[in-house]
Amino acid sequence: MKRILLIVSVISIGVLTSCTTNASDKVKPENVAVADLRDSKVKLLPVMTFNKTNHDFGVINEGDIVEHKFTFTNTGNAPLVITNAKGSCGCTVSKWSKKPIAPGAIGEMLVTFNSNGKPNVQNKQVTITANTLTGKETLKIKAMVTPKKKLVSSGIPLSK
């Protein structure tokens with residue numbers, strides 16, 4: 001028992017005395033300068049600020065092609081360049097301006113959803129690749145697609 005108490009005491013003293021150095025004394029001035037330069041560049045990046053990032057088309061019929069225009073503002077301090085906008089499947093397509101969007105300017109992204117062959121609840125997204133801090137932004141669309149009615153005569157499906 002005395003040994004355990006002695007070991008705990010020695011460890012406690014060692015821990016308490018090892019923390020006497022000031023961490024700020026270990027910081028190198030050249031590392032502070034590099035960090036300041038890096039952080040100042042972050043302030044020069046564009047920022048995509050969307051009015052909304054989700055859109056619900058509601059109930060649509062299978063085969064309908066619907067579209068929604070998402071608007072955004074470049075609230076950053078550098079021109080915004082969108083290099084790609086890819087849908088989560090081939091049924092979701094987007095169009096956007098290939099020109100840089102100046103700080104303070106408003107941009108638009110048109111997202112089109114083709115519901116052909118996509119019955120029931122559909123949740124899709126568009127991943128935008130741009131020169132923002134994260135490099136990626138995401139837009140989401142949703143729709144409840146009413147399935148096409150199939151005509152049946154004596155057990156043989158007929159097309160419309």
Side-chain angles (χ1 to χ4, degrees), residues 19 22-160:
C19 296
N22 189 351
S24 63
D25 294 340
K26 295 180 181 181
V27 176
K28 296 179 181 178
E30 60 269 13
N31 290 345
V32 172
V34 169
D36 285 343
L37 180 62
R38 179 198 63 223
D39 292 346
S40 68
K41 288 182 180 179
V42 169
K43 295 175 187 172
L44 298 177
L45 289 174
V47 177
M48 289 181 88
T49 304
F50 285 90
N51 292 346
K52 68 178 192 171
T53 57
N54 296 305
H55 180 73
D56 187 348
F57 288 109
V59 179
I60 62 174
N61 294 317
E62 184 177 352
D64 287 352
I65 297 174
V66 292
E67 57 187 29
H68 178 73
K69 191 179 293 184
F70 289 93
T71 58
F72 59 90
T73 304
N74 178 0
T75 57
N77 297 315
L80 172 67
V81 178
I82 300 171
T83 57
N84 195 12
K86 184 173 179 163
S88 54
C89 77
C91 62
T92 307
V93 180
S94 55
K95 292 181 184 175
W96 69 95
S97 173
K98 308 298 188 234
K99 296 178 182 178
I101 298 157
I106 295 174
E108 297 176 339
M109 179 154 300
L110 182 67
V111 176
T112 305
F113 171 64
N114 183 348
S115 66
N116 193 33
K118 304 285 183 193
N120 304 314
V121 176
Q122 297 295 316
N123 291 295
K124 305 296 178 190
Q125 67 182 29
V126 174
T127 303
I128 302 165
T129 306
N131 62 333
T132 59
L133 181 60
T134 61
K136 301 247 185 243
E137 308 296 328
T138 305
L139 300 174
K140 296 180 180 180
I141 59 170
K142 177 181 179 180
M144 176 58 196
V145 181
T146 304
K148 288 181 183 176
K149 293 184 180 180
K150 295 182 180 178
L151 301 175
V152 178
S153 174
S154 67
I156 302 172
L158 301 173
S159 52
K160 283 187 172 182

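In this structure, Leu110 places its CG atom where more than 12 heavy-atom neighbours from other residues, nucleotides or ligands lie under 6.0 Å away. Counting non-hydrogen atoms of neighbouring residues, nucleotides and ligands closer than 6.0 angstrom, the NZ atom of Lys98 exceeds 12 such neighbours. Other residues, nucleotides and ligands contribute over 12 non-hydrogen atoms within 6.0 Å of the NZ atom of Lys52.
Contact check on Lys148 versus Glu62 returns no salt bridge, with no Lys/Arg side-chain nitrogen under 4.0 Å from an Asp/Glu carboxylate oxygen.
Remark: the backbone N or O of Thr83 is not paired with any side-chain donor or acceptor of Thr129 at under 3.5 angstrom. The main-chain N or O of Val66 is never found under 3.5 Å from a side-chain atom of Asp64 such that the two would form a donor-acceptor pair. Looking only at distances, a side-chain donor or acceptor of Asn74 sits under 3.5 Å from a matching main-chain atom of Val47. With hydrogens and angles ignored, the 3.5 Å screen pairs no side-chain donor or acceptor of Ser88 with any backbone N or O of Lys124.
Once rounded to the nearest 0.5 Å, the distance linking OG1 of Thr73 with CG of Asn51 reads 6.0 Å. How far NZ of Lys149 is from CG of Asn61: 9.5 Å, rounded to the nearest 0.5 Å. Remark: Lys136 NZ to Lys86 NZ distance equals 10.0 Å, nearest 0.5 Å. To the nearest 0.5 Å, atom OG1 of residue Thr112 and atom NZ of residue Lys69 are 10.5 Å apart. Asn84 contributes atom CG, which lies 7.5 Å from atom OG of Ser94 (distance to the nearest 0.5 angstrom).
Between Leu139 and Phe50, the shortest heavy-atom contact is CD2-CE2, 3.6 Å. Here the closest non-hydrogen pair linking Gly76 and Pro103 is O-CB, 3.4 Å. In plain terms, the two heavy atoms of Asn131 and Leu45 that are nearest each other are O-CD2, 4.0 Å. Across all non-hydrogen atoms, the minimal contact from Thr132 to Glu137 is OG1-OE2, 3.1 Å. Contact between Ala85 and Val126 at its shortest, heavy atoms only, is CB-CG1, 4.0 Å. Shown here for Met109 and Phe72, the closest heavy-atom pair between the two residues is N-CE2, 4.3 Å.
Checked options Thr75, Thr134, Ile82; the residue passing with Met48 is Ile82 (criterion: side-chain contact (heavy atoms from CB on, under 4.5 Å)).
Two residues are said to be in side-chain contact when any heavy atoms from C-beta on lie closer than 4.5 Å; Ser115 and Gln122 fail this criterion.
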Could you go through Thr138 and Ile128, starting from their C-alpha distance and side-chain angles, then the distance that decides it, and tell me whether this counts as side-chain contact (heavy atoms from CB on, under 4.5 Å)? CA-CA 6 Å; Thr138 305; Ile128 302 165; over 6 Å; no
Where do Lys118 and Phe113 land on the side-chain contact (heavy atoms from CB on, under 4.5 Å) test, with the steps shown first? CA-CA 10 Å; Lys118 304 285 183 193; Phe113 171 64; 4.3 Å; yes
Determine whether Phe70 and Ile141 satisfy the following criterion, side-chain contact (heavy atoms from CB on, under 4.5 Å), listing intermediate values before the conclusion. CA-CA 11 Å; Phe70 289 93; Ile141 59 170; 4.0 Å; yes
